[in-house]
**Student:** 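Dumping the structure here so I can ask a few things about it.
Quick note: numbers below take in every heavy atom, side chains included, and nothing from hydrogens, waters or symmetry partners.
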Amino acid sequence: MKHRISAVLLGTALALGASGAFAQDKTIKIGVLTDNSGLYSDIGGAGSTLAAQMAVEDSGLAAKGWKIDIVSADHQNKPDIGTNTARQWIDVDKVDIFMDVLNSGVALAVSNLVKEKNVIMINTGAASSDLTNTKCSPNTIHWVYDTYMLANSTGQALVKAGGDTWYFLTADYAFGHALERDTAAVVVKSGGKVLGTVRHPLNSSDFSSFLLQAQASKAKIIGMANAGGDTTNTIKQASEFGIVAGGQKLAGLLLFINDVHSLGLKVAQGLNFTETFYWDLNDGTRAFSKRFSERMKNKAMPSMIQAGVYSGLIHYFKTVEAMGGNPHDGIKVVEKMKSMPTDDPLFGKGTIRADGRKIHPAYLFEVKKPAESKGPWDYYKLIGTTPGDQAFRPLSQSECPLVKK
């Protein structure tokens, strides 16, 4: 009997010791999975990795005994490469959390693996609203923006301003399809009509045939359901065809500060679009962006994707510190992240909903005329703000199984 009691006590002591050590584990491995060389490299890429490094530095965790490592890889906008890299990172490199994950096709595939392996994905790069709707996961948080929000803000504003007939020029993969679907729904709901759509391959160089079809439709608005280099090439070639001069308006359904910089104000002026971050919004965004720009090789200001990497990691670090260590349990950490309010200098105060959607305001901008710009990267005029509780899909409309109806 005595031996049994001793054995039980010894087992209890070992369990307590193990759980104590578990709670005190202060190691974190971050994987920045992004586009380092393709059409989205300016809005993610090296800038996303820099934003992650800045978040680690600003967290102050290293001084408190934490060991935090970052790895980065180029998924080449291919779901199979993204998934293979993610699997290697989880199984061999013991990555705890994936950041950025630009490209909706890649993000949807990696989200499944992240759930299977019980790690974490804070998606700041991919736009598909399916990530917090039909394809939601207890391991994934969707930061920054999504196709529902973009459609709800930009699409609705343009229809209200008289743009009641639309023709879509759409990137032919998960992101483009989702953005076209969500925007078309808003256009029709707002009293407009969709006259047609044409789909183009990802990373196209020649948009002439697609633009001619859009021009022939006589639609008031040509909705560009694409992003990055595809959007800038569309706008440049539309200018050559005289499409805007002919009376049709281009709608940048997803446009970034880096795209406007690439186009120049002469070409981009007058474009309306929605973002959730702009470097010149307030003192907090300006201070971070100045530090970021000084460390970028091309001295670029941060995109909202890169800003989201920083913001998402800051909240993650606060969470694991509050937990007393890293449990290496994705679901447990994400649940804790959802229970804590978010607050950082770039996105301000916010929350994370049950479906994984991070909530913050959305801003409708217009690109300034060259004469209105006061200096480098001074490109935007704020036209309107949609509060966070109105910007994203209402939970009442959610098909996410994590949402209790």
Side-chain angles (χ1 to χ4, degrees), residues 42-43 47 124-125 127 143-163 179 182-183 186-187 190 221-228 230-232 234-236 238-239 244 249-286 288-289 292-293 300-308 311 345-348 350 359-388 390-392:
D42 284 347
I43 56 179
T124 68
W143 222 267
V144 189
Y145 69 106
D146 64 34
T147 52
Y148 181 96
M149 181 276 289
L150 296 168
N152 198 39
S153 176
T154 310
Q156 198 171 52
L158 289 171
V159 175
K160 281 182 182 173
L179 186 50
D182 290 349
T183 309
V186 168
V187 168
S190 303
I221 305 287
I222 298 171
M224 297 179 291
N226 53 19
D230 282 340
T231 303
T232 54
T234 302
I235 294 168
K236 285 173 186 173
S239 178
V244 175
K249 188 176 178 71
L250 295 175
L253 297 173
L254 180 53
L255 211 65
F256 297 87
I257 187 84
N258 318 71
D259 302 328
V260 174
H261 185 74
S262 170
L263 289 165
L265 293 182
K266 191 176 177 184
V267 174
Q269 61 181 312
L271 281 169
N272 292 112
F273 53 92
T274 301
E275 293 214 55
T276 53
F277 169 86
Y278 176 47
W279 73 268
D280 200 18
L281 271 178
N282 54 53
D283 289 344
T285 58
R286 282 188 285 272
F288 169 81
S289 300
F292 178 94
S293 176
M301 287 296 177
S303 72
M304 63 173 165
I305 289 171
Q306 294 156 348
S311 171
L346 308 191
F347 292 82
I359 301 300
H360 42 238
Y363 307 103
L364 183 66
F365 293 111
E366 184 170 300
V367 177
K368 291 182 173 182
K369 294 171 183 165
E372 294 173 317
S373 176
K374 294 172 185 169
W377 299 90
D378 177 27
Y379 297 153
Y380 293 0
K381 285 189 288 192
L382 182 61
I383 302 299
T385 301
T386 306
Q390 296 172 31
F392 298 93

**Student:** Please check: side-chain N/O of Y380 versus main-chain N/O of D280, any donor-acceptor pairing under 3.5 Å?
**Tutor:** no
**Student:** Test your reading of the model: is there a side-chain donor-acceptor pair from Q306 to the backbone of S303, 3.5 Å cut-off?
**Tutor:** yes
**Student:** Taking all non-hydrogen atoms of both residues into account, name the closest pair between L158 and A251 and its distance.
**Tutor:** CD1-CB, 3.5 Å
**Student:** With a 6.0 Å cut-off (strictly less than), is the heavy-atom count around NZ of K160, excluding the residue itself, greater than 12?
**Tutor:** no
**Student:** For the side chain of S311 and the backbone of A307, is there at least one donor-acceptor N/O pair under 3.5 Å apart?
**Tutor:** no
**Student:** Is there a side-chain contact between V367 and L263 in this structure, where contact means two heavy atoms from C-beta onward sitting under 4.5 Å apart?
**Tutor:** no
**Student:** Among T183, T274, N272, exactly one meets side chain to side chain donor-acceptor pair (under 3.5 Å) together with T154. Which residue is that?
**Tutor:** T274
**Student:** Does S190 use its side chain to pair, donor to acceptor, with the backbone of V186 at less than 3.5 Å?
**Tutor:** yes
**Student:** Measure up the H360 and F347 rings against each other and bin them: parallel (under 30°), tilted (30 to 60°), perpendicular (over 60°).
**Tutor:** tilted
**Student:** Might you work through the side chain to side chain contact (heavy atoms under 4.5 Å, CB included) test for F392 and N152, ending with a clear yes or no?
**Tutor:** CA-CA 8 Å; F392 298 93; N152 198 39; over 6 Å; no
**Student:** Rounded at 0.5 Å granularity, tell me how far NZ in K249 sits from CD1 in I222.
**Tutor:** 12.0 Å
**Student:** Keeping the roles fixed (side chain from D42, backbone from N258), state whether a donor-acceptor pair exists under 3.5 Å.
**Tutor:** no
**Student:** First locate atom CD1 of I43, then atom CD1 of I305, and finally report the distance between them rounded to the nearest 0.5 Å.
**Tutor:** 4.0 Å
**Student:** Can a donor-acceptor pair be found, under 3.5 Å and without considering hydrogens, that links the side chain of W279 to the backbone of W377?
**Tutor:** yes
**Student:** Please tell me whether N226 and T234 have a donor and an acceptor in their side chains that are separated by less than 3.5 angstrom.
**Tutor:** yes
**Student:** Side chain to side chain contact (heavy atoms under 4.5 Å, CB included), that's the test. Do L253 and M224 meet it? Break it down for me.
**Tutor:** CA-CA 6 Å; L253 297 173; M224 297 179 291; 5.6 Å; no
**Student:** To the nearest 0.5 Å, what is the distance between CG on L382 and CG on L364?
**Tutor:** 8.0 Å
**Student:** Should L254 and T231 count as side-chain neighbours, where that means a heavy-atom distance under 4.5 Å?
**Tutor:** no
**Student:** Mind checking whether D182 and L150 have side chains closer than 4.5 Å, heavy atoms only?
**Tutor:** no
**Student:** Does S373 use its side chain to pair, donor to acceptor, with the backbone of P370 at less than 3.5 Å?
**Tutor:** no
**Student:** Just how far is it from atom NE2 of H261 to atom CG of D259, taken to the nearest 0.5 Å?
**Tutor:** 11.5 Å
**Student:** Test of understanding: with ring pair (Phe, Tyr, Trp, His ring centres under 6.0 Å), list the residues that count as partners of Y148, not counting sequence neighbours.
**Tutor:** none
**Student:** Check whether T276 reaches the backbone of V144 with its side chain - one donor and one acceptor, N or O, closer than 3.5 Å.
**Tutor:** yes
**Student:** Does the side chain to side chain contact (heavy atoms under 4.5 Å, CB included) test come out yes or no for F273 and V260, once each step is laid out?
**Tutor:** CA-CA 11 Å; F273 53 92; V260 174; 4.2 Å; yes
**Student:** For T385 and P361, which heavy atoms make the closest approach, and how far apart are they?
**Tutor:** CG2-CB, 4.1 Å
**Student:** Take Y363 and Y278 through the ring pair (Phe, Tyr, Trp, His ring centres under 6.0 Å) test and state the conclusion after the steps.
**Tutor:** CA-CA 9 Å; Y363 307 103; Y278 176 47; 9.3 Å; no
**Student:** Could you check if a side-chain atom of S239 sits within less than 4.5 angstrom of a side-chain atom of K266, using non-hydrogen atoms only?
**Tutor:** no
**Student:** If you apply the rule side chain to side chain contact (heavy atoms under 4.5 Å, CB included), what do you find for L255 with F365, and how did you get there?
**Tutor:** CA-CA 10 Å; L255 211 65; F365 293 111; over 6 Å; no
**Student:** Could you grab the distance from atom NZ of K381 to atom NZ of K368, nearest 0.5 Å is fine?
**Tutor:** 8.0 Å
**Student:** Which pair of non-hydrogen atoms, one from F288 and one from P302, has the smallest distance, and what is that distance?
**Tutor:** CE2-CG, 4.0 Å
**Student:** Distance from D146 atom CG to L179 atom CG, nearest 0.5 Å?
**Tutor:** 10.0 Å
**Student:** Hey, are the side chains of E372 and L265 touching, using non-hydrogen atoms and a 4.5 Å cut-off?
**Tutor:** no
**Student:** Determine whether Y145 and E275 make a side-chain contact, defined as any pair of heavy atoms from C-beta on separated by less than 4.5 Å.
**Tutor:** no
